[in-house]
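It should be emphasised that the depicted structure is a prediction, and the values quoted were computed from it without experimental measurement. For the numbers below, each heavy atom of this structure counts, side chains included, while hydrogens, waters and symmetry mates do not.
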Amino acid sequence: MAGQLEYAADRIGDASRADLQIMLRRAALVIRNATPIPLDAETDDTLLSIVGELGMTRNEMVRHIIKEWLETNAYLPLRDLDEDGDVDGTA
């Protein structure tokens, strides 16, 4: 959604009124339904420190942590790793 809005903003003269209305209504729904996960102050401060170091948003980090936890505890299948592929220094 954010990408579509940025794209439309860069080319505002080319966007039709109907397309802009649709995007703005979708964005309003996302904003209306988005509620941050409340955390205690110590946890939130630590999380914000980490996201600053990694260049992620708070929401991206929360999603990453939840996914890792679900995979680690076998609630989600592990991602397949290509053992023969390059990892560019990461695993």
Side-chain angles (χ1 to χ4, degrees):
M1 173 56 60
Q4 288 177 334
L5 289 171
E6 289 173 350
Y7 182 81
D10 292 340
R11 289 155 188 82
I12 193 76
D14 299 333
S16 72
R17 184 168 195 249
D19 288 342
L20 289 174
Q21 283 179 316
I22 291 168
M23 283 188 281
L24 290 173
R25 284 190 178 124
R26 286 182 185 165
L29 283 171
V30 169
I31 292 168
R32 186 178 305 124
N33 294 326
T35 56
I37 297 171
L39 301 172
D40 63 83
E42 182 181 13
T43 303
D44 199 42
D45 289 344
T46 303
L47 184 66
L48 292 175
S49 173
I50 294 168
V51 301
E53 290 176 20
L54 298 177
M56 299 173 77
T57 67
R58 183 181 186 273
N59 288 345
E60 289 170 337
M61 180 57 75
V62 169
R63 282 192 298 270
H64 176 76
I65 291 168
I66 291 170
K67 184 173 184 173
E68 289 288 325
W69 185 88
L70 290 170
E71 289 174 349
T72 301
N73 291 288
Y75 292 105
L76 282 177
L78 293 176
R79 291 167 274 168
D80 290 330
L81 296 177
D82 180 11
E83 293 181 16
D84 296 327
D86 294 330
V87 293
D88 297 326
T90 60

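- Side chains of Met23 and Leu20 form a contact here, defined as non-hydrogen atoms less than 4.5 Å apart.
- Put simply, CD1 on Ile65 and CG on Leu70 are 12.0 Å apart, with the number rounded to the nearest 0.5 Å.
- Side-chain atoms of Ser49 do not come within 3.5 Å of backbone N or O of Asp45 as any donor-acceptor pair.
- The shortest heavy-atom contact between Glu60 and Met56 is OE1-CA, 3.3 Å.
- Note that the CD1 atom of Ile50 and the CE atom of Met61 stand 6.0 Å from one another [nearest 0.5 Å].
- Not counting sequence neighbours, the partners of Thr43 by the side-chain hydrogen bond (donor to acceptor under 3.5 Å, both in side chains) test are Asp40.
- Counting heavy atoms of neighbouring residues, nucleotides and ligands inside a 6.0 Å radius, atom CD of Gln21 exceeds 12 of them.
- Taking each heavy atom of Arg58 and Val51 in turn, the nearest pair found is CA-CG1, 4.1 Å.
- A 4.5 Å side-chain heavy-atom check between Arg25 and Leu29 finds every atom pair outside the cut-off.
- Leu54 is connected to Ile66 through a chain of hydrophobic side-chain contacts under 4.5 Å among Ile, Leu, Val, Met, Phe, Trp and Tyr, so both are in one cluster.
- How far CG of Leu24 is from CD1 of Ile31: 9.5 Å, rounded to the nearest 0.5 Å.
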In residues 8-17, what donor-acceptor pairs under 3.5 Å come from side-chain atoms, sequence neighbours left out?
{"from": "Ser16", "atom 1": "OG", "to": "Asp19", "atom 2": "N", "distance (Å)": "3.1"}
{"from": "Ser16", "atom 1": "OG", "to": "Asp19", "atom 2": "OD2", "distance (Å)": "3.2"}

